[in-house]
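See structure below.
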2 protein chains.
Amino acid sequence: MQVDRAVAKKGIKSEASEGSARRKAALDRRSIAESAVRIADAEGLAKLSMRRLAQSLGVEAMSLYNHVRNKDDLLGAMVEHVASGFYRPDPEAADWKAEMHRRGIRAHDQMLRHPWSPPLIAGRVNDGPEMLGYVDATLGCLFAAGFDAADADDAWNAMDSYIYGYTQLALSFPFQPEEYAQVAAEYLPHLPKERLPHLYAMTEAVATYRHKGMHRFEFGFEMILDGLVQRRAGQG
Amino acid sequence: MQVDRAVAKKGIKSEASEGSARRKAALDRRSIAESAVRIADAEGLAKLSMRRLAQSLGVEAMSLYNHVRNKDDLLGAMVEHVASGFYRPDPEAADWKAEMHRRGIRAHDQMLRHPWSPPLIAGRVNDGPEMLGYVDATLGCLFAAGFDAADADDAWNAMDSYIYGYTQLALSFPFQPEEYAQVAAEYLPHLPKERLPHLYAMTEAVATYRHKGMHRFEFGFEMILDGLVQRRAGQG
DNA sequence: CGCCGCAGGCTTACAGTGTAAGTTTTCCTG
DNA sequence: CAGGAAAACTTACACTGTAAGCCTGCGGCG
(Lines give C-alpha, C1' and ligand atoms only; values in the text may rest on other atoms or scores of the structure.)
Protein backbone atom coordinates (compact mmCIF):
# COMPACT_ATOMS: atom_id res chain seq x y z
CA MET A 1 0.00 0.00 0.00
CA GLN A 2 2.67 2.39 1.00
CA VAL A 3 4.78 0.99 -1.77
CA ASP A 4 1.99 1.31 -4.29
CA ARG A 5 1.50 4.91 -3.43
CA ALA A 6 5.19 5.63 -3.60
CA VAL A 7 5.43 4.00 -7.00
CA ALA A 8 2.43 5.89 -8.26
CA LYS A 9 3.88 9.11 -7.01
CA LYS A 10 7.15 8.40 -8.69
CA GLY A 11 5.37 7.69 -11.93
CA ILE A 12 3.52 10.96 -11.71
CA LYS A 13 6.58 13.02 -11.14
CA SER A 14 8.67 11.26 -13.74
CA GLU A 15 9.69 14.80 -14.64
CA ALA A 16 10.66 14.22 -18.28
CA SER A 17 14.33 13.39 -17.77
CA GLU A 18 15.30 16.53 -16.00
CA GLY A 19 19.00 17.18 -15.86
CA SER A 20 18.69 19.87 -13.28
CA ALA A 21 20.88 20.27 -10.25
CA ARG A 22 18.15 18.97 -7.99
CA ARG A 23 18.59 15.22 -7.67
CA LYS A 24 16.15 14.75 -4.81
CA ALA A 25 13.37 13.72 -7.15
CA ALA A 26 14.12 10.00 -6.91
CA LEU A 27 13.44 9.49 -3.22
CA ASP A 28 11.71 6.19 -2.67
CA ARG A 29 12.39 2.98 -0.83
CA ARG A 30 14.29 1.37 -3.66
CA SER A 31 16.56 4.25 -4.51
CA ILE A 32 17.26 4.76 -0.82
CA ALA A 33 18.26 1.12 -0.46
CA GLU A 34 20.44 1.33 -3.54
CA SER A 35 22.23 4.35 -2.24
CA ALA A 36 22.71 2.63 1.10
CA VAL A 37 24.20 -0.38 -0.64
CA ARG A 38 26.57 1.85 -2.54
CA ILE A 39 27.77 3.52 0.65
CA ALA A 40 28.15 0.23 2.51
CA ASP A 41 30.10 -1.23 -0.41
CA ALA A 42 32.42 1.73 -0.60
CA GLU A 43 32.90 2.67 3.04
CA GLY A 44 31.66 -0.24 5.11
CA LEU A 45 28.46 -0.80 7.02
CA ALA A 46 29.75 1.04 10.08
CA LYS A 47 29.93 4.26 8.12
CA LEU A 48 26.37 3.96 6.94
CA SER A 49 24.39 6.32 9.16
CA MET A 50 21.01 7.78 8.41
CA ARG A 51 22.58 11.23 8.16
CA ARG A 52 25.33 10.06 5.87
CA LEU A 53 22.82 8.29 3.66
CA ALA A 54 20.50 11.28 3.55
CA GLN A 55 23.37 13.51 2.61
CA SER A 56 24.25 11.28 -0.32
CA LEU A 57 20.69 11.76 -1.53
CA GLY A 58 20.71 15.52 -1.04
CA VAL A 59 18.16 15.33 1.73
CA GLU A 60 17.91 15.52 5.52
CA ALA A 61 18.09 12.43 7.68
CA MET A 62 14.53 12.44 8.94
CA SER A 63 13.13 12.57 5.44
CA LEU A 64 14.20 9.00 4.95
CA TYR A 65 11.72 7.91 7.57
CA ASN A 66 8.90 8.71 5.19
CA HIS A 67 10.03 5.77 3.09
CA VAL A 68 11.64 3.44 5.58
CA ARG A 69 10.30 2.48 8.99
CA ASN A 70 13.65 2.59 10.74
CA LYS A 71 17.23 1.60 10.20
CA ASP A 72 16.50 -2.07 10.62
CA ASP A 73 13.93 -1.82 7.88
CA LEU A 74 16.55 -0.16 5.72
CA LEU A 75 18.94 -3.05 6.34
CA GLY A 76 16.17 -5.39 5.28
CA ALA A 77 15.78 -3.50 2.04
CA MET A 78 19.51 -3.73 1.47
CA VAL A 79 19.38 -7.49 1.99
CA GLU A 80 16.60 -7.68 -0.56
CA HIS A 81 18.78 -5.84 -3.01
CA VAL A 82 21.57 -8.35 -2.51
CA ALA A 83 19.17 -11.29 -2.67
CA SER A 84 17.91 -10.06 -6.02
CA GLY A 85 21.25 -11.17 -7.41
CA PHE A 86 20.96 -14.73 -6.12
CA TYR A 87 20.33 -17.57 -8.51
CA ARG A 88 16.98 -19.30 -8.22
CA PRO A 89 17.32 -22.98 -8.96
CA ASP A 90 15.02 -24.25 -11.65
CA PRO A 91 12.67 -27.05 -10.49
CA GLU A 92 12.35 -28.18 -14.11
CA ALA A 93 16.07 -28.65 -14.54
CA ALA A 94 17.30 -32.17 -15.10
CA ASP A 95 20.40 -31.95 -12.94
CA TRP A 96 19.50 -30.72 -9.49
CA LYS A 97 23.04 -30.94 -8.23
CA ALA A 98 24.19 -28.58 -10.94
CA GLU A 99 21.42 -26.19 -9.97
CA MET A 100 22.47 -26.24 -6.36
CA HIS A 101 26.08 -25.82 -7.32
CA ARG A 102 25.27 -22.78 -9.34
CA ARG A 103 23.11 -21.46 -6.54
CA GLY A 104 25.93 -21.74 -4.04
CA ILE A 105 28.56 -20.16 -6.24
CA ARG A 106 26.32 -17.25 -7.10
CA ALA A 107 25.35 -16.59 -3.50
CA HIS A 108 29.00 -16.70 -2.52
CA ASP A 109 29.99 -14.30 -5.29
CA GLN A 110 27.14 -11.95 -4.60
CA MET A 111 28.01 -11.73 -0.94
CA LEU A 112 31.67 -11.15 -1.73
CA ARG A 113 30.52 -8.25 -3.86
CA HIS A 114 28.76 -6.81 -0.81
CA PRO A 115 31.07 -7.72 2.04
CA TRP A 116 28.79 -6.27 4.70
CA SER A 117 25.94 -8.57 3.73
CA PRO A 118 26.64 -12.00 5.26
CA PRO A 119 26.03 -10.96 8.87
CA LEU A 120 22.77 -9.37 7.79
CA ILE A 121 21.68 -12.27 5.62
CA ALA A 122 22.53 -14.93 8.17
CA GLY A 123 21.82 -12.90 11.28
CA ARG A 124 18.36 -11.47 10.74
CA VAL A 125 14.93 -12.64 9.82
CA ASN A 126 14.71 -11.83 6.14
CA ASP A 127 11.22 -12.30 4.83
CA GLY A 128 11.15 -9.89 1.93
CA PRO A 129 9.66 -11.08 -1.36
CA GLU A 130 13.04 -11.48 -3.03
CA MET A 131 14.33 -13.71 -0.25
CA LEU A 132 11.12 -15.73 -0.07
CA GLY A 133 11.15 -16.26 -3.80
CA TYR A 134 14.72 -17.46 -3.57
CA VAL A 135 13.80 -19.94 -0.85
CA ASP A 136 10.75 -21.08 -2.77
CA ALA A 137 12.75 -21.83 -5.89
CA THR A 138 15.33 -23.71 -3.87
CA LEU A 139 12.75 -25.87 -2.16
CA GLY A 140 10.98 -26.46 -5.44
CA CYS A 141 14.15 -27.76 -7.01
CA LEU A 142 14.84 -30.06 -4.08
CA PHE A 143 11.29 -31.39 -4.08
CA ALA A 144 11.54 -32.06 -7.80
CA ALA A 145 14.73 -33.99 -7.10
CA GLY A 146 12.85 -36.28 -4.77
CA PHE A 147 13.62 -34.79 -1.39
CA ASP A 148 10.75 -34.84 1.05
CA ALA A 149 10.15 -31.91 3.38
CA ALA A 150 12.44 -33.07 6.16
CA ASP A 151 15.25 -33.98 3.77
CA ALA A 152 14.91 -30.72 1.87
CA ASP A 153 15.09 -28.85 5.13
CA ASP A 154 18.27 -30.66 6.12
CA ALA A 155 19.80 -30.20 2.68
CA TRP A 156 18.97 -26.53 2.52
CA ASN A 157 20.35 -26.00 5.99
CA ALA A 158 23.56 -27.85 5.28
CA MET A 159 24.21 -25.97 2.05
CA ASP A 160 23.45 -22.53 3.40
CA SER A 161 25.42 -23.12 6.56
CA TYR A 162 28.47 -23.78 4.49
CA ILE A 163 27.81 -20.95 2.04
CA TYR A 164 27.39 -18.30 4.70
CA GLY A 165 30.08 -19.66 6.94
CA TYR A 166 32.69 -19.92 4.25
CA THR A 167 31.93 -16.49 2.86
CA GLN A 168 31.99 -14.87 6.26
CA LEU A 169 35.31 -16.45 7.15
CA ALA A 170 36.80 -15.52 3.81
CA LEU A 171 35.67 -11.93 4.19
CA SER A 172 37.03 -11.48 7.66
CA PHE A 173 40.39 -12.98 6.89
CA PRO A 174 42.72 -10.02 6.95
CA PHE A 175 44.84 -10.88 3.93
CA GLN A 176 44.31 -11.52 0.26
CA PRO A 177 45.35 -14.94 -1.07
CA GLU A 178 48.17 -13.37 -3.07
CA GLU A 179 49.65 -11.94 0.11
CA TYR A 180 49.62 -15.18 2.08
CA ALA A 181 53.17 -16.24 1.34
CA GLN A 182 54.75 -12.91 2.10
CA VAL A 183 52.69 -12.24 5.21
CA ALA A 184 53.46 -15.72 6.50
CA ALA A 185 57.15 -15.11 6.01
CA GLU A 186 56.93 -11.87 7.96
CA TYR A 187 54.97 -13.40 10.83
CA LEU A 188 57.15 -16.44 11.15
CA PRO A 189 59.89 -14.91 13.34
CA HIS A 190 57.29 -13.62 15.80
CA LEU A 191 55.59 -16.95 16.31
CA PRO A 192 56.56 -18.85 19.47
CA LYS A 193 57.73 -22.06 17.87
CA GLU A 194 57.62 -24.22 20.97
CA ARG A 195 54.29 -22.92 22.19
CA LEU A 196 52.52 -23.22 18.82
CA PRO A 197 54.56 -25.78 16.91
CA HIS A 198 51.90 -26.77 14.41
CA LEU A 199 50.79 -23.25 13.64
CA TYR A 200 54.45 -22.49 13.14
CA ALA A 201 54.81 -25.40 10.74
CA MET A 202 51.72 -24.29 8.92
CA THR A 203 52.95 -20.74 8.58
CA GLU A 204 56.30 -22.01 7.38
CA ALA A 205 54.57 -24.06 4.72
CA VAL A 206 52.35 -21.18 3.65
CA ALA A 207 55.42 -18.99 3.30
CA THR A 208 56.82 -21.33 0.71
CA TYR A 209 54.04 -23.18 -1.06
CA ARG A 210 52.42 -21.91 -4.16
CA HIS A 211 48.87 -21.06 -3.27
CA LYS A 212 46.16 -22.80 -5.21
CA GLY A 213 43.95 -19.76 -5.19
CA MET A 214 40.86 -20.90 -6.98
CA HIS A 215 38.16 -23.35 -6.02
CA ARG A 216 38.59 -23.09 -2.30
CA PHE A 217 34.92 -22.46 -1.81
CA GLU A 218 34.05 -25.50 -3.86
CA PHE A 219 36.28 -27.77 -1.85
CA GLY A 220 33.85 -28.05 1.05
CA PHE A 221 30.75 -27.21 -0.91
CA GLU A 222 31.27 -30.18 -3.17
CA MET A 223 31.51 -32.40 -0.10
CA ILE A 224 28.09 -31.24 0.99
CA LEU A 225 26.61 -31.71 -2.46
CA ASP A 226 28.17 -35.14 -2.86
CA GLY A 227 26.85 -36.09 0.53
CA LEU A 228 23.39 -35.06 -0.54
CA VAL A 229 23.64 -36.96 -3.82
CA GLN A 230 24.75 -40.05 -1.98
CA ARG A 231 21.94 -39.78 0.50
CA ARG A 232 19.42 -39.34 -2.27
CA ALA A 233 20.77 -42.36 -4.11
CA GLY A 234 20.77 -44.58 -1.05
CA GLN A 235 17.19 -43.68 -0.37
CA GLY A 236 15.52 -44.22 -3.73
CA MET B 1 27.04 12.55 48.66
CA GLN B 2 29.95 11.29 46.68
CA VAL B 3 30.87 9.10 49.61
CA ASP B 4 27.33 7.88 49.98
CA ARG B 5 27.13 6.83 46.40
CA ALA B 6 30.44 5.03 46.56
CA VAL B 7 29.38 3.15 49.64
CA ALA B 8 26.08 2.22 48.11
CA LYS B 9 27.70 0.83 45.01
CA LYS B 10 30.21 -1.08 47.02
CA GLY B 11 27.34 -2.56 48.94
CA ILE B 12 25.60 -3.63 45.77
CA LYS B 13 28.52 -5.54 44.45
CA SER B 14 29.62 -6.86 47.82
CA GLU B 15 28.31 -10.35 47.20
CA ALA B 16 31.48 -11.56 45.56
CA SER B 17 33.93 -9.67 47.72
CA GLU B 18 35.57 -11.03 50.81
CA GLY B 19 34.17 -8.35 53.03
CA SER B 20 37.26 -6.22 53.37
CA ALA B 21 36.46 -2.53 53.38
CA ARG B 22 39.38 -1.49 51.21
CA ARG B 23 38.76 -4.13 48.59
CA LYS B 24 36.69 -2.37 46.04
CA ALA B 25 36.82 -5.01 43.35
CA ALA B 26 39.07 -7.30 41.45
CA LEU B 27 39.02 -5.06 38.42
CA ASP B 28 41.23 -6.62 35.82
CA ARG B 29 40.96 -7.66 32.21
CA ARG B 30 39.64 -11.12 32.94
CA SER B 31 36.95 -10.16 35.41
CA ILE B 32 35.86 -7.36 33.12
CA ALA B 33 35.56 -9.77 30.22
CA GLU B 34 33.64 -12.22 32.36
CA SER B 35 31.19 -9.60 33.44
CA ALA B 36 30.78 -8.50 29.84
CA VAL B 37 30.06 -12.08 28.82
CA ARG B 38 27.46 -12.36 31.54
CA ILE B 39 25.71 -9.21 30.37
CA ALA B 40 25.81 -10.22 26.73
CA ASP B 41 24.45 -13.65 27.59
CA ALA B 42 21.62 -12.22 29.62
CA GLU B 43 20.67 -9.11 27.69
CA GLY B 44 22.27 -9.38 24.28
CA LEU B 45 25.34 -7.80 22.79
CA ALA B 46 23.47 -4.63 21.83
CA LYS B 47 22.84 -3.85 25.48
CA LEU B 48 26.49 -4.18 26.37
CA SER B 49 27.78 -0.64 26.61
CA MET B 50 30.85 0.49 28.43
CA ARG B 51 28.68 2.37 30.91
CA ARG B 52 26.40 -0.58 31.48
CA LEU B 53 29.39 -2.85 31.99
CA ALA B 54 31.08 -0.44 34.35
CA GLN B 55 27.91 -0.12 36.35
CA SER B 56 27.72 -3.88 36.78
CA LEU B 57 31.20 -3.72 38.26
CA GLY B 58 30.43 -0.80 40.55
CA VAL B 59 32.73 1.50 38.64
CA GLU B 60 32.62 4.36 36.16
CA ALA B 61 32.88 3.73 32.44
CA MET B 62 36.26 5.31 31.87
CA SER B 63 37.87 3.17 34.54
CA LEU B 64 37.56 0.19 32.26
CA TYR B 65 40.00 1.79 29.89
CA ASN B 66 42.78 1.19 32.36
CA HIS B 67 42.42 -2.52 31.65
CA VAL B 68 41.10 -2.65 28.13
CA ARG B 69 42.31 -0.65 25.17
CA ASN B 70 38.86 0.03 23.75
CA LYS B 71 35.60 -1.75 23.15
CA ASP B 72 36.97 -3.80 20.32
CA ASP B 73 39.67 -5.05 22.62
CA LEU B 74 36.97 -5.97 25.11
CA LEU B 75 35.15 -7.96 22.45
CA GLY B 76 38.39 -9.76 21.76
CA ALA B 77 38.68 -10.67 25.42
CA MET B 78 35.12 -11.98 25.36
CA VAL B 79 35.94 -14.14 22.36
CA GLU B 80 38.91 -15.52 24.23
CA HIS B 81 36.63 -16.42 27.09
CA VAL B 82 34.34 -18.33 24.73
CA ALA B 83 37.26 -19.96 22.97
CA SER B 84 38.55 -21.25 26.30
CA GLY B 85 35.61 -23.65 26.22
CA PHE B 86 36.49 -25.11 22.83
CA TYR B 87 37.86 -28.60 22.54
CA ARG B 88 41.45 -28.90 21.41
CA PRO B 89 41.91 -32.00 19.29
CA ASP B 90 44.64 -34.31 20.47
CA PRO B 91 47.37 -34.92 17.88
CA GLU B 92 48.22 -38.19 19.64
CA ALA B 93 44.70 -39.55 19.29
CA ALA B 94 44.25 -42.57 17.09
CA ASP B 95 40.98 -41.50 15.47
CA TRP B 96 41.35 -38.06 14.00
CA LYS B 97 37.82 -38.02 12.67
CA ALA B 98 36.45 -38.55 16.15
CA GLU B 99 38.62 -35.71 17.39
CA MET B 100 37.30 -33.38 14.73
CA HIS B 101 33.78 -34.50 15.39
CA ARG B 102 34.13 -33.69 19.03
CA ARG B 103 35.74 -30.39 18.18
CA GLY B 104 32.84 -29.36 15.99
CA ILE B 105 30.14 -30.37 18.45
CA ARG B 106 31.82 -28.56 21.28
CA ALA B 107 32.34 -25.38 19.31
CA HIS B 108 28.73 -25.48 18.23
CA ASP B 109 27.51 -25.99 21.79
CA GLN B 110 29.78 -23.36 23.21
CA MET B 111 28.58 -20.77 20.72
CA LEU B 112 24.97 -21.66 21.39
CA ARG B 113 25.69 -20.96 25.02
CA HIS B 114 26.88 -17.48 24.05
CA PRO B 115 24.55 -16.54 21.21
CA TRP B 116 26.28 -13.23 20.54
CA SER B 117 29.59 -14.92 19.84
CA PRO B 118 29.45 -16.32 16.29
CA PRO B 119 29.56 -12.95 14.53
CA LEU B 120 32.53 -11.99 16.68
CA ILE B 121 34.32 -15.28 16.25
CA ALA B 122 33.81 -15.45 12.50
CA GLY B 123 33.85 -11.74 11.80
CA ARG B 124 37.00 -10.47 13.47
CA VAL B 125 40.66 -11.24 13.56
CA ASN B 126 41.01 -13.25 16.76
CA ASP B 127 44.62 -13.80 17.62
CA GLY B 128 44.46 -14.20 21.37
CA PRO B 129 46.42 -17.05 22.97
CA GLU B 130 43.32 -19.15 23.60
CA MET B 131 42.27 -18.97 19.97
CA LEU B 132 45.79 -19.58 18.67
CA GLY B 133 46.19 -22.60 20.92
CA TYR B 134 42.92 -23.94 19.61
CA VAL B 135 44.07 -23.51 16.03
CA ASP B 136 47.43 -25.05 16.82
CA ALA B 137 45.88 -28.15 18.33
CA THR B 138 43.56 -28.50 15.36
CA LEU B 139 46.37 -28.26 12.84
CA GLY B 140 48.50 -30.62 14.89
CA CYS B 141 45.80 -33.26 14.80
CA LEU B 142 45.31 -32.88 11.06
CA PHE B 143 49.04 -33.08 10.42
CA ALA B 144 49.24 -36.22 12.52
CA ALA B 145 46.45 -37.66 10.41
CA GLY B 146 48.54 -37.21 7.31
CA PHE B 147 47.22 -33.95 5.93
CA ASP B 148 49.84 -31.69 4.43
CA ALA B 149 49.67 -27.94 4.91
CA ALA B 150 47.42 -27.22 1.94
CA ASP B 151 45.04 -30.06 2.75
CA ALA B 152 44.89 -29.13 6.40
CA ASP B 153 44.08 -25.59 5.43
CA ASP B 154 41.25 -26.75 3.20
CA ALA B 155 39.94 -29.16 5.80
CA TRP B 156 40.05 -26.63 8.58
CA ASN B 157 38.30 -24.08 6.40
CA ALA B 158 35.58 -26.47 5.34
CA MET B 159 34.84 -27.61 8.87
CA ASP B 160 34.80 -24.15 10.41
CA SER B 161 32.73 -22.71 7.62
CA TYR B 162 30.06 -25.23 8.37
CA ILE B 163 30.34 -24.92 12.13
CA TYR B 164 30.03 -21.14 12.17
CA GLY B 165 27.47 -21.01 9.40
CA TYR B 166 25.20 -23.60 10.90
CA THR B 167 25.38 -22.10 14.36
CA GLN B 168 24.72 -18.61 13.10
CA LEU B 169 21.71 -19.70 11.10
CA ALA B 170 20.36 -21.72 13.98
CA LEU B 171 20.72 -18.79 16.34
CA SER B 172 19.02 -16.30 14.11
CA PHE B 173 16.09 -18.53 13.32
CA PRO B 174 13.22 -16.91 15.15
CA PHE B 175 11.56 -20.05 16.51
CA GLN B 176 12.50 -22.98 18.69
CA PRO B 177 12.26 -26.44 17.12
CA GLU B 178 9.37 -27.34 19.40
CA GLU B 179 7.37 -24.42 18.05
CA TYR B 180 7.88 -25.23 14.38
CA ALA B 181 4.67 -27.17 13.86
CA GLN B 182 2.43 -24.68 15.55
CA VAL B 183 4.06 -21.63 13.99
CA ALA B 184 3.89 -23.23 10.57
CA ALA B 185 0.19 -23.89 11.04
CA GLU B 186 -0.38 -20.27 11.96
CA TYR B 187 1.60 -18.89 9.04
CA LEU B 188 0.03 -21.16 6.47
CA PRO B 189 -3.11 -19.10 5.80
CA HIS B 190 -1.04 -15.99 5.20
CA LEU B 191 1.24 -17.56 2.63
CA PRO B 192 0.40 -16.80 -1.02
CA LYS B 193 0.02 -20.34 -2.26
CA GLU B 194 0.31 -19.60 -5.97
CA ARG B 195 3.21 -17.18 -5.61
CA LEU B 196 5.25 -19.42 -3.31
CA PRO B 197 3.94 -22.93 -3.93
CA HIS B 198 6.93 -24.83 -2.66
CA LEU B 199 7.39 -22.76 0.45
CA TYR B 200 3.70 -23.34 1.04
CA ALA B 201 4.12 -27.08 0.65
CA MET B 202 7.08 -27.00 2.97
CA THR B 203 5.19 -25.07 5.62
CA GLU B 204 2.29 -27.45 5.27
CA ALA B 205 4.60 -30.37 5.85
CA VAL B 206 6.28 -28.74 8.81
CA ALA B 207 2.87 -28.10 10.35
CA THR B 208 2.18 -31.81 10.40
CA TYR B 209 5.41 -33.74 10.60
CA ARG B 210 7.00 -34.73 13.82
CA HIS B 211 10.23 -32.84 14.07
CA LYS B 212 13.39 -34.85 14.40
CA GLY B 213 14.97 -32.33 16.70
CA MET B 214 18.34 -33.86 17.37
CA HIS B 215 21.37 -34.30 15.16
CA ARG B 216 20.58 -31.52 12.75
CA PHE B 217 24.03 -30.04 13.17
CA GLU B 218 25.62 -33.38 12.54
CA PHE B 219 23.74 -33.95 9.32
CA GLY B 220 25.92 -31.61 7.30
CA PHE B 221 28.96 -31.82 9.53
CA GLU B 222 29.21 -35.54 8.97
CA MET B 223 29.16 -34.92 5.24
CA ILE B 224 32.19 -32.68 5.56
CA LEU B 225 34.01 -35.16 7.77
CA ASP B 226 33.19 -38.08 5.50
CA GLY B 227 34.39 -36.07 2.55
CA LEU B 228 37.66 -35.44 4.33
CA VAL B 229 38.06 -39.11 5.26
CA GLN B 230 37.43 -40.12 1.70
CA ARG B 231 39.91 -37.62 0.38
CA ARG B 232 42.51 -38.79 2.85
CA ALA B 233 41.95 -42.41 1.89
CA GLY B 234 42.15 -41.76 -1.82
CA GLN B 235 45.41 -39.95 -1.38
CA GLY B 236 47.37 -42.33 0.78
C1' DC C 1 -10.09 30.70 -8.74
C1' DG C 2 -9.52 29.90 -3.97
C1' DC C 3 -9.16 26.75 -0.45
C1' DC C 4 -8.09 22.62 1.98
C1' DG C 5 -5.87 18.20 3.02
C1' DC C 6 -1.90 15.97 3.26
C1' DA C 7 2.38 13.60 1.70
C1' DG C 8 6.76 14.45 2.25
C1' DG C 9 10.10 17.26 3.23
C1' DC C 10 12.56 19.95 7.30
C1' DT C 11 14.03 21.45 12.28
C1' DT C 12 14.69 20.60 16.78
C1' DA C 13 15.57 17.79 20.60
C1' DC C 14 16.79 13.75 23.41
C1' DA C 15 18.85 9.78 25.22
C1' DG C 16 22.43 6.98 24.26
C1' DT C 17 27.16 5.58 22.31
C1' DG C 18 32.63 5.23 22.50
C1' DT C 19 36.34 7.57 24.18
C1' DA C 20 40.02 11.75 24.53
C1' DA C 21 41.70 14.78 28.05
C1' DG C 22 42.48 16.14 32.45
C1' DT C 23 41.83 15.68 37.58
C1' DT C 24 41.65 13.32 41.86
C1' DT C 25 42.05 9.47 44.74
C1' DT C 26 44.29 5.31 46.30
C1' DC C 27 47.97 2.33 47.13
C1' DC C 28 52.70 0.68 47.17
C1' DT C 29 57.33 1.48 48.01
C1' DG C 30 61.60 3.68 49.88
C1' DC D 1 55.68 9.65 56.21
C1' DA D 2 56.89 11.29 51.23
C1' DG D 3 56.51 10.70 46.66
C1' DG D 4 55.19 8.60 42.60
C1' DA D 5 52.68 5.52 39.94
C1' DA D 6 48.42 3.19 39.03
C1' DA D 7 43.82 3.48 38.60
C1' DA D 8 39.46 5.56 39.35
C1' DC D 9 36.77 9.59 38.32
C1' DT D 10 34.79 13.91 35.83
C1' DT D 11 33.92 16.33 32.06
C1' DA D 12 33.28 16.97 27.32
C1' DC D 13 32.77 15.94 22.37
C1' DA D 14 31.31 14.08 18.20
C1' DC D 15 28.21 10.92 16.65
C1' DT D 16 24.19 7.66 16.61
C1' DG D 17 18.87 6.52 15.77
C1' DT D 18 14.65 8.56 15.97
C1' DA D 19 10.29 10.97 18.39
C1' DA D 20 7.65 15.20 17.88
C1' DG D 21 6.24 18.86 15.57
C1' DC D 22 6.42 22.40 11.86
C1' DC D 23 6.26 24.02 7.01
C1' DT D 24 5.61 23.86 2.17
C1' DG D 25 3.96 22.84 -2.22
C1' DC D 26 0.95 19.99 -4.89
C1' DG D 27 -3.64 17.70 -6.41
C1' DG D 28 -8.40 17.65 -6.08
C1' DC D 29 -12.71 19.93 -5.16
C1' DG D 30 -16.37 23.42 -4.45
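This one's a predicted model, so the numbers in the text were calculated from it and none came from an experiment. These values consider heavy atoms only, across backbone and side chains, with no hydrogens, waters or symmetry-generated copies. Letters go in sequence order (proteins before strands), and every chain restarts at 1.
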Find the distance [X]:[atom1] to [N]:[atom2] and express it as a whole number of Å.
X       : N      : atom1 : atom2 : answer
B/His67 : C/dT19 : NE2   : P     : 16 Å
B/Asp28 : D/dA6  : CG    : C1'   : 14 Å
A/Leu64 : C/dA7  : CG    : P     : 18 Å
A/Glu60 : C/dT12 : CD    : C1'   : 12 Å
B/Leu27 : D/dA6  : CG    : P     : 16 Å
B/Ile32 : C/dG18 : CD1   : P     : 14 Å
B/Asp73 : C/dG18 : CG    : C1'   : 14 Å

OH/A/Tyr187: more than 12 non-hydrogen atoms of other groups inside 6.0 Å: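 Not buried by this count: 12 neighbours or fewer within 6.0 Å.
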Lys NZ or Arg CZ of B/Arg102 over B/Tyr87 ring: under 6.0 Å, within 45°: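 Yes, B/Arg102 sits over the ring of B/Tyr87.
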Verdict with supporting geometry, B/Arg52 and B/Glu43, salt bridge (charged side-chain N to carboxylate O under 4.0 Å, His left out): CA-CA 11 Å; B/Arg52 171 84 188 74; B/Glu43 308 174 26; 2.6 Å; yes
Pairs satisfying salt bridge (Lys or Arg N to Asp or Glu O under 4.0 Å), at least one member in residues 178-193 of chain B, at least two apart: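 Passing the test, one end in residues 178-193 of chain B: no pairs.
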Carboxylate-amine/guanidinium contact A/Arg195 B/Asp136, below 4.0 Å: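 Looking at A/Arg195 and B/Asp136, the cut-off is not met.
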Electrostatic pair A/Arg88-A/Glu130, nearest N-O below 4.0 angstrom: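 Looking at A/Glu130 together with A/Arg88, the answer is yes, because their closest N to O distance falls below 4.0 Å.
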No-H, no-angle donor-acceptor pair, A/Asn66 side chain to C/dA7 base, under 3.5 Å: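 No.
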Per-nucleotide protein contact string for nucleotides 14-20 of chain D (B base, S sugar-phosphate only, - none; heavy atom under 4.0 Å): --BBBBB
